[in-house]
Amino acid sequence: MDSKFIPSLHEAPIYTFWENSGLFKASRTNPAKKPFCIILPPPNANGSLHLGHAMFTYEDIMIRFHKMMKEETLWLLGLDHAGFETQYVFEKHLKKQGKSRFDYQRDELFGMIFDYVNENKKNIKGQLRRLGFALDWSREKFTMDPAIIEIVYGTFKKLFDRGLVYRANRLINYCTFCGTSLSDLEVNNVEKVGVLHYINYPLKTGGFIQIATTRPETILGDVAVMVNPKDKRHRGVIGKTVILPVSGREVPIIADTYVDTEFGTGAVKVTPNHDFNDFEIGKKNNLQYPPIINFAGRIQNTNTSYDGLKVFAAREKIIEELKEKGLWVKEEKNNMVVKSCYKCGRVLEPLPKEQWFIKVKPLADRAKGLVKKKEITLFPKRFEKQLIRILDEFIDWNISRQVVWGIRIPAYRCKKMSNVPTSLKLRGASKSQKWFVSIEKPKKCQICGECDFIQDEDTFDTWFSSSQWPFATLMTEGKKTYEYFYPTAVMETGHDILRAWVARMMMIGDFVTNKPPFKTVFLHGMVRDAKGQKMSKSKGNVMDPIQLVDKYGADALRAALIFGTKEGGDVSLSEEKVKGMRNFANKVWNVGRFIELNSKSQNPNSKQIPSPQSKIIVELEKEATELKKKYMNYMKRYRFSQALNDLHEFIWHRFADYYIEQLKEELKNGNIQVLDTLKCVYLDNIKMLHPFMPFMTEAVGQVFYGKQTSLLQIGFT
RNA sequence: GGACCUGUAGCUCAGUUGGCUAGAGCGUUUCAUUGACAUUGAAAAGGUCACAGGUUCAAGUCCUGUCAGGUCCACCA
């Protein structure tokens with residue numbers, strides 16, 4: 001044994017040994033054994049792993065622990081195509097080469113991203129190995145595997161057939177830069193100081209009514225002015241007509257208690273196609289006007305010189321025109337929240353668009369039942385409340401995305417019938433009747449039987465496929481495997497995606513399989529820097545997990561993430577902490593080295609000698625037994641940090657610093673009983689430590705148990 | 001506006017049915033110099049457990065309030 005534990009000498013050969021020996025493989029579906037399955041949250045195949053991914057260490061700890069408890073253990077890995085996100089990253093690459101996605105045909109672009117993703121997959125899989133994860137590589141999945149897509153299509157069809165998915169034309173959050181709609185979960189609310197403009201709208205009968213708006217350009221799409229019927233200031237004007245500035249269109253003044261009399265002037269302009277609240281008002285009062293902003297973020301349909309201008313340019317220009325006409329009164333600073341694209345950060349445009357929506361309420365109610373009936377338990381417990389809230393507040397989920405990179409929606413419509421001009425039918429589920437959904441691509445239109453159908457151009461929101469991940473992955477492994485491992489034991493992931501992922505997995509998983517997708521949800525916190533600050537590129541405080549592994553070893557990084565971290569709480573990671581854990585690994589290694597050296601130099605003539613030190617041996621054995629008991633208890637209760645903490649304390653400061661020091665002399669005298677006890681306690685310790693620091697413990701284990709033996713096989717006895 | 005979380009040593013944090021003199025990692029100070037390990041050992045300094053009440057034989061821990069920080073959600077044009 002070297003005098004130091006040098007991770008780079010051991011990690012690669014040990015990982016290869018694990019992989020080749022089939023220890024990571026769940027090969028049997030043995031009814032006599034308890035199944036334990038974790039599905040790895042699939043990393044996005046569009047880059048490299050970040051420190052957050054290293055938190056999967058929790059999963060590896062559970063997997064290795066349960067393997068050592070002799071359970072049938074499966075840790076299934078997969079990667080996510082991450083539709084919109086990946087396309088966004090790829091477009092950035094294109095931009096560097098002076099290209100854009102519009103330079104390519106759909107299939108061509110898809111193919112290019114496919115290749116790009118394949119490269120990233122290789123990279124990420126290598127990184128998962130570097131971290132020592134005991135994944136079953138024989139069952140690797142990808143969200144765009146044909147078998148997965150078939151299941152995703154089946155889910156969509158089932159939802160459609162049950163009336164839980166519908167097509168509707170309503171306002172959606174649209175990023176005119178990224179060119180796609182987003183769900184409400186992909187919207188960032190950014191606080192901003194905006195400008196509130198006060199503008200006089202001329203009344204047809206003379207005089208003015210003053211309104212206040214932050215978006216003067218949408219005057220071009222107004223359908224009404226609205227006041228509160230209780231507002232004495234405006235009572236006289238209800239029912240009168242105003243002449244819209246700029247366009248000269250005439251619109252009515254209507255009344256609704258929705259208007260806040262305290263804000264602005266107490267009179268609101270109503271622009272149904274460009275504001276979520278106004279959309280509802282327009283619907284209620286049957287007031288319509290075509291959208292005056294298009295998907296490129298430019299003004300349209302106004303027959304004015306504003307057509308073709310970008311929104312912000314139009315705003316500036318219209319303010320000028322209003323000033324010239326003497327209709328602009330004043331401006332005020334206004335604290336407001338702007339909905340922004342979570343990816344590019346630009347202001348989103350609410351625009352009307354026909355999209356597929358999932359009716360969430362019935363699904364959310366059932367998912368809630370799973371928590372209430374304790375079919376799913378959350379760790380830490382406080383997240384249960386949060387989850388219930390999330391499920392209560394879920395609104396219908398827009399699953400259509402206008403991106404190429406994704407799973408194309410298997411919805412088709414009749415070309416013949418869509419040729420028939422329909423009146424501007426804007427909303428309602430009735431539109432879905434014009435669509436049919438089919439898992440297999442149909443040869444003929446299923447509506448008229450004659451025409452060539454048209455497939456929806458859009459792809460699914462990535463979360464739609466990932467919401468099916470636990471059952472979809474296992475189903476592709478065959479019925480037996482699925483029935484044995486499903487529902488999975490634990491879903492371990494970051495608490496930041498409780499809403500976007502966990503809640504949706506529960507809803508869709510329960511809908512499709514009639515079972516909860518997992519029994520336990522274990523949530524980890526975020527990795528922060530040494531000062532507890534969020535890591536971000538702009539702050540320049542990001543750390544690369546692989547660089548840390550190179551420098552200090554995977555064991556050190558893993559232990560640093562767990563040590564002193566409350567489950568579900570954020571981790572403040574400093575290089576010093578990783579270094580400290582590297583030192584710990586070295587310490588444990590050297591304790592092994594010490595015992596090994598003493599085993600070799602044992603005097604064969606020595607025998608069991610009751611010594612004055614035997615009292616210390618009894619003490620040691622007692623303490624070691626207590627530790628193991630505590631350890632088992634902590635591990636079963638998901639208190640991994642505490643387990644590691646106790647191991648650290650015992651091995652270093654009790655076992656090495658105290659017991660070994662006390663017994664050193666006796667050992668030199670050749671007391672074999674002392675040696676046996678030390679060895680026995682030590683081997684027990686490295687087994688317990690193995691889930692946390694697999695490489696070092698395995699390296700040292702092989703010294704004692706032989707090259708071809710793994711602690712995973714030996715397990716706990 | 002609503003919900004939740006956090007406040008413990010210089011820094012980052014543990015402390016889970018309330019119970020020894022409140023702990024760890026890193027940092028600081030002093031000593032030890034090759035003995036398994038200097039990626040070490042021995043020792044030390046350092047805390048009114050945010051604040052104020054309350055419950056209790058006993059509170060860092062439970063309850064109420066206050067202050068400070070954070071996260072998520074909702075939201076007025």
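A note on names: the letters A, B, ... follow the listed sequences, proteins ahead of strands, and every chain is numbered from 1.
Closest to the side chain of A/Lys664, out of B/A14, B/A77, B/G35, is B/G35. The side chain of A/Trp652 sits closest to B/U40 out of B/U40, B/A77, B/A3. Side-chain proximity of A/Glu393 to B/C73, B/G25, B/A77: nearest is B/C73. Comparing B/A77, B/U16, B/A36 by their nearest atom to the side chain of A/Asp260 picks out B/A77. For A/Ile660, counting side-chain heavy atoms from C-beta on, the closest listed nucleotide (B/A36, B/G25, B/A77) is B/A36. With B/A77, B/C73, B/A36 as the choices, the nucleotide that has an atom nearest any side-chain atom of A/Thr213 turns out to be B/A77. Ranking B/A77, B/C76, B/C4 by closeness to the A/Lys385 side chain, first place goes to B/C4. Here the side chain of A/Glu567 is nearest to one of B/C73, B/A77, B/U16, namely B/U16. Checked against B/A77, B/C75, B/U12, the side chain of A/Ser572 finds its nearest nucleotide in B/U12.
Across B/A36 and B/G41, the matching P atoms stand 14 Å from one another, rounded to whole Å. Here the separation of B/A59 from B/G2, taken at their P atoms, is 34 Å to the nearest Å. Only the C1' atoms considered, B/A58 is 41 Å distant from B/G1, to the nearest whole Å. Annotation: B/G70 and B/G25 have their P atoms spaced 30 Å apart (nearest Å). Rounded to whole Å, the C1' atom of B/C62 lies 24 Å from the corresponding atom of B/G69. Taking the C1' atoms as reference points, B/A22 lies 8 Å from B/C49, given to the whole Å. Between the P atoms of B/G65 and B/U71, the separation comes to 24 Å (whole Å). Rounded to whole Å, the C1' atom of B/C31 lies 15 Å from the corresponding atom of B/A45.
A/Glu661 contributes a side-chain N or O that forms a donor-acceptor pair with the base of B/A36 under 3.5 Å. No donor-acceptor contact under 3.5 Å links the side chain of A/Lys4 to the base of B/A36.
Counting heavy atoms from C-beta outward, A/Tyr58 and A/Thr565 have side chains that approach closer than 4.5 Å.
At a threshold of 4.0 angstrom between heavy atoms, the contacts of A/Lys579 with the nucleic acid are absent. Among the atoms of the strands shown, only primed sugar atoms or phosphate atoms (P, OP1, OP2) are found under 4.0 Å from some heavy atom of A/Arg382. Across all strands shown, A/Arg582 has heavy atoms under 4.0 Å from base atoms, whether or not it also approaches the sugar-phosphate. Using a 4.0 Å heavy-atom criterion, one finds that A/Ala212 contacts the bases of the nucleic acid, with or without backbone contacts as well. Residue contacts for A/Asp657: at a heavy-atom cut-off of 4.0 Å it reaches the sugar-phosphate backbone alone, with no base atom in range. Using a 4.0 Å heavy-atom criterion, one finds that A/Arg499 contacts the sugar-phosphate atoms exclusively. Residue-level contact check: A/Phe5 touches neither bases nor backbone, having no heavy atom under 4.0 Å from any strand.
For B/U17, there is no paired base (Watson-Crick or G-U wobble, both distances below 3.5 Å). Base pairing of B/U71: its partner is B/A3, meeting the Watson-Crick or G-U wobble criterion (both donor-acceptor distances under 3.5 Å). Pairing for B/A59 is absent, judged as Watson-Crick or G-U wobble with the two contacts each under 3.5 Å. Summarising the base pairing, B/A22 is matched to no nucleotide, lacking a Watson-Crick or G-U wobble pair whose two defining distances lie under 3.5 Å. Pair assignment for B/C31 gives B/G41, based on Watson-Crick or G-U wobble hydrogen-bonding distances that are each under 3.5 Å. With a cut-off of 3.5 Å on both pairing distances, the Watson-Crick or G-U wobble partner of B/U64 is B/A52.
Both cation-pi conditions hold for A/Lys339 and A/Phe276: the charged atom is under 6.0 angstrom from the six-membered ring centre and inside a 45 degree cone around its axis. Annotation: cation-pi pair A/Lys368/A/Phe394 absent, no NZ/CZ under 6.0 Å from the ring centroid and within 45° of its normal. Cation-pi geometry between A/Lys317 and A/Tyr306 is satisfied (NZ or CZ under 6.0 Å from the ring centre, within 45° of the ring normal).
Atom pair A/Leu523:CG and B/C72:P shows a separation of 15 Å (rounding to whole Å applied). Remark: C1' of B/U39 and CE of A/Met581 are 12 Å apart, rounded to the nearest angstrom. As rounded to whole Å, 15 Å separates atom P of B/G1 from atom CD of A/Glu262. Spacing between atom NZ of A/Lys577 and atom C1' of B/U12 amounts to 8 Å, rounded to whole angstrom units. Between the CG atom of A/Asp256 and the C1' atom of B/A77 there is a distance of 13 Å, rounded to whole Å. When rounded to the nearest whole Å, the span between CD of A/Glu576 and P of B/G10 equals 19 Å. With rounding to whole Å, A/Phe263 atom CZ is found 10 Å from B/C76 atom P. The CG atom of A/Leu498 sits 13 Å away from the C1' atom of B/U71 (whole-angstrom rounding).
Using a 4.0 Å cut-off, some side-chain N or O of A/Lys566 falls inside it from OP1 or OP2 of B/U6. One finds no side-chain N or O of A/His653 lying less than 4.0 angstrom from the OP1 or OP2 phosphate oxygen of B/A42. The side chain of A/Lys587 contributes an N or O atom lying less than 4.0 Å from OP1 or OP2 of B/G41. Distances shorter than 4.0 Å separate none of the side-chain N or O atoms of A/Ser574 from OP1 or OP2 on B/U12. The shortest distance between the side-chain N/O atoms of A/Asn189 and the OP1/OP2 oxygens of B/A74 is below 4.0 Å. OP1 or OP2 of B/U40 has not a single side-chain nitrogen or oxygen of A/Asn586 nearer than 4.0 Å.
Under 4.0 Å is where a charged nitrogen must lie from a carboxylate oxygen, and between A/Lys622 and A/Glu619 no such pair does. Taking 4.0 Å as the cut-off between side-chain N and carboxylate O, A/Lys630 and A/Glu626 do not count as a salt-bridged pair. Salt-bridge annotation for A/Arg215 and A/Asp275: absent, with no side-chain N of the basic residue lying under 4.0 Å from a carboxylate O of the acidic one.
Counted by atom type alone, A/Asn645 and A/Tyr634 present zero donor-acceptor pairs between their side chains at under 3.5 Å. Checking A/Asn228 against A/Thr257 by side-chain atom types alone, no donor-acceptor pair falls below 3.5 Å.
Each of A/Glu649 and A/Asp570 was matched to the nucleotide of RNA chain B holding its nearest heavy atom; the match closer to the 5' end belongs to A/Asp570. Mapping A/Phe594 and A/Met336 onto RNA chain B via the closest heavy atom, the residue that lands nearer the 5' end is A/Phe594.
Between A/Phe640 and A/Phe522, the ring center distance clears the sub-6.0 Å criterion.
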